[in-house]
Engineer: 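First the structure, which I've put down as C-alpha cells, then a few questions once you've had a look.
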Amino acid sequence: MNWNATLLACLLAVCAAFSAACQSRPPAQWVDATVEAPSDHLLWEVTLLSLQKTGFPLGTGLDRAQLLAVSGWNAQLAPFRSDGFRERAHIEYKPLGERKYGLKVRVEREINQDISHPLDLSYAQWEPDRDNVTRAQILLGYIKATLGPRLELNDPK
C-alpha cells in the first residue's frame, strides 16, 4: 500500500514538472494593413530598413522569396525578475493585385524569469508573454510612412 502511494506521488510530480515545462503561449496578435509598392524589391528593402530603424536586429528568418521576415531578438535586460524582456518582429506580405500587398505585423515578447542573474543574458530564463501590439503598430506605421502615400520609381530613361 505504501509503495502505491509513493508511485502516485512520483507520477504527480512528473506531471507537474511536465506541464510547467510545456507552457501555453498566448495567442498571436497581428496588426494588418494594405500597402502599395512599385515592386517586391522595394517593399523588401523598406521592410529591412524599418526593422533596423525600429530596433530589431536582422536575423536568419528573412525570406524575400516568400515575403516573410522574422527579426532577431531584441533583448532589454533589467535588474529584477520579470522586468527584463526580449522581442522579435514577424512580418508577412501577401500580394493582392497590381502594386497592392496585404501586410501583417506581430511583435512576439518573452520575459526573463531568472532571479539570480537577471542582467546576464547567458542565465536568462525566457517565458512567453503577450505580444507587444503597440510596438507592432509602430513598426507597421514606419513601413507605411516609408512607402508613402504613393511611392513612384523614376523611369531611368
Side-chain angles (χ1 to χ4, degrees), residues 18-157:
F18 183 72
S19 67
C22 297
Q23 296 174 336
S24 63
R25 183 170 286 283
Q29 296 180 319
W30 293 89
V31 178
D32 57 354
T34 302
V35 296
E36 282 190 43
S39 69
D40 290 352
H41 176 72
L42 181 67
L43 184 63
W44 189 252
E45 292 301 319
V46 166
T47 300
L48 297 180
L49 176 69
S50 298
L51 283 170
Q52 291 173 322
K53 291 292 186 181
T54 54
F56 291 103
L58 299 181
T60 58
L62 304 174
D63 186 354
R64 181 177 171 191
Q66 298 295 319
L67 294 175
L68 300 173
V70 178
S71 73
W73 288 101
N74 177 3
Q76 303 290 322
L77 299 176
F80 301 105
R81 179 178 187 224
S82 300
D83 284 348
F85 62 91
R86 68 179 182 174
E87 296 177 332
R88 72 176 167 184
H90 299 256
I91 301 174
E92 298 179 8
Y93 291 100
K94 179 186 277 189
L96 299 177
E98 189 175 324
R99 300 172 48 112
K100 291 195 181 218
Y101 298 87
L103 165 63
K104 289 175 35 175
V105 178
R106 171 186 180 217
V107 175
E108 180 183 6
R109 183 180 174 100
E110 295 181 346
I111 54 175
N112 184 7
Q113 293 294 352
D114 181 62
I115 196 165
S116 60
H117 301 93
L119 290 172
D120 189 342
L121 195 56
S122 63
Y123 286 93
Q125 296 174 2
W126 301 112
E127 291 186 7
D129 195 17
R130 291 187 317 255
D131 286 356
N132 188 340
V133 177
T134 303
R135 192 144 184 225
Q137 291 170 336
I138 290 168
L139 179 55
L140 174 68
Y142 199 94
I143 292 170
K144 289 172 66 175
T146 304
L147 286 171
R150 184 129 173 123
L151 185 62
E152 297 288 334
L153 292 177
N154 291 334
D155 188 12
K157 295 178 182 177

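Positions are given from 1, in the same order as the sequence printed here.
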Engineer: Looking at every heavy atom in both Ala75 and Leu121, which two are closest together, and how far apart are they?
Structural biologist: CB-CD1, 4.1 Å
Engineer: Would you mind reporting whether Tyr93 and Asp40 have side-chain heavy atoms less than 4.5 Å apart?
Structural biologist: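 Heavy-atom side-chain distance check fails, nothing below 4.5 Å.
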Engineer: Roughly how far, to the nearest 0.5 Å, is CD of Glu45 from CG of Leu43?
Structural biologist: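 Leu43 CG to Glu45 CD: 10.0 Å, rounded to 0.5 Å.
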Engineer: Got Ile138 and Val107 here, is their nearest side-chain heavy-atom distance under 4.5 Å?
Structural biologist: no
Engineer: What distance separates Arg109 CZ from Phe85 CZ, expressed to the nearest 0.5 Å?
Structural biologist: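 These two atoms lie 4.5 Å from each other.
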Engineer: Would you find a donor on one side and an acceptor on the other, under 3.5 Å apart, between the side chain of Asp131 and the backbone of Val133?
Structural biologist: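 Judged by distance alone, no pair lies under 3.5 Å.
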Engineer: Kindly check if the number of other-residue, nucleotide or ligand heavy atoms within 6.0 Å of CG (Leu49) is above 12?
Structural biologist: yes
Engineer: Is there a donor-acceptor pair under 3.5 Å between the side chain of Thr54 and the backbone N or O of Leu139?
Structural biologist: no
Engineer: Does a side chain donor of either Gln29 or Arg106 reach within less than 3.5 Å of an acceptor in the other side chain?
Structural biologist: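 Per modelled atom types, Gln29 and Arg106 side chains form no pair under 3.5 Å.
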Engineer: Does Gln113 reach the side chain of Arg81, with side-chain heavy atoms less than 4.5 Å apart?
Structural biologist: yes
Engineer: Just so I know, are the side chains of Leu147 and Tyr101 near enough to count as touching, which here means a heavy-atom distance under 4.5 Å?
Structural biologist: no
Engineer: Answer yes when Arg25 and Glu110 have at least one side-chain N-carboxylate O distance shorter than 4.0 Å, and no when they do not.
Structural biologist: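 Looking at Arg25 and Glu110, the cut-off is met.
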Engineer: Working to the nearest 0.5 angstrom, can you tell me the gap between Leu119 CG and Phe80 CZ?
Structural biologist: 9.0 Å
Engineer: With a sphere of 6.0 Å drawn around CZ of Arg64, does it hold more than 12 non-hydrogen atoms of other residues, nucleotides or ligands?
Structural biologist: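 Correct, the count exceeds 12.
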Engineer: If every non-hydrogen atom of Pro128 is compared with every non-hydrogen atom of Pro26, which pair is closest and at what distance?
Structural biologist: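 Taking every non-hydrogen atom into account, CB-CD, 3.8 Å.
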Engineer: Do you know the tightest heavy-atom contact between Ser39 and Leu42?
Structural biologist: OG-N, 3.1 Å
Engineer: Below 4.5 Å, heavy atoms only, C-beta onward: do Asn74 and Gln76 meet side chain to side chain?
Structural biologist: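 Result yes, sub-4.5 Å side-chain heavy-atom pair found.
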Engineer: Do Arg88 side-chain atoms and Ser71 backbone N/O form a donor-acceptor pair below 3.5 Å?
Structural biologist: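 No.
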Engineer: Enter the distance from Lys94:NZ to Leu96:CG here, rounded to the nearest 0.5 Å.
Structural biologist: 8.0 Å
Engineer: Give me the atom names and distance for the closest heavy-atom approach of Ala136 to Val105.
Structural biologist: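 The answer is O-CG1, 3.7 Å.
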Engineer: Check whether any side-chain N or O of Asp83 sits under 3.5 Å from a backbone N or O of Ala78 as a donor-acceptor pair, and report yes or no.
Structural biologist: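 It does not hold such a pair.
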Engineer: Any chance the side chains of Tyr123 and Asn112 put a donor and an acceptor closer than 3.5 Å?
Structural biologist: no
Engineer: Measuring from atom CD1 of Ile91 to atom CZ of Phe56, what distance do you get when rounded to the nearest 0.5 angstrom?
Structural biologist: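 One finds 8.5 Å between CD1 of Ile91 and CZ of Phe56.
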Engineer: Looking only at heavy atoms, what is the nearest atom pair of Leu103 and Val35, with distance?
Structural biologist: CD2-CG1, 3.9 Å
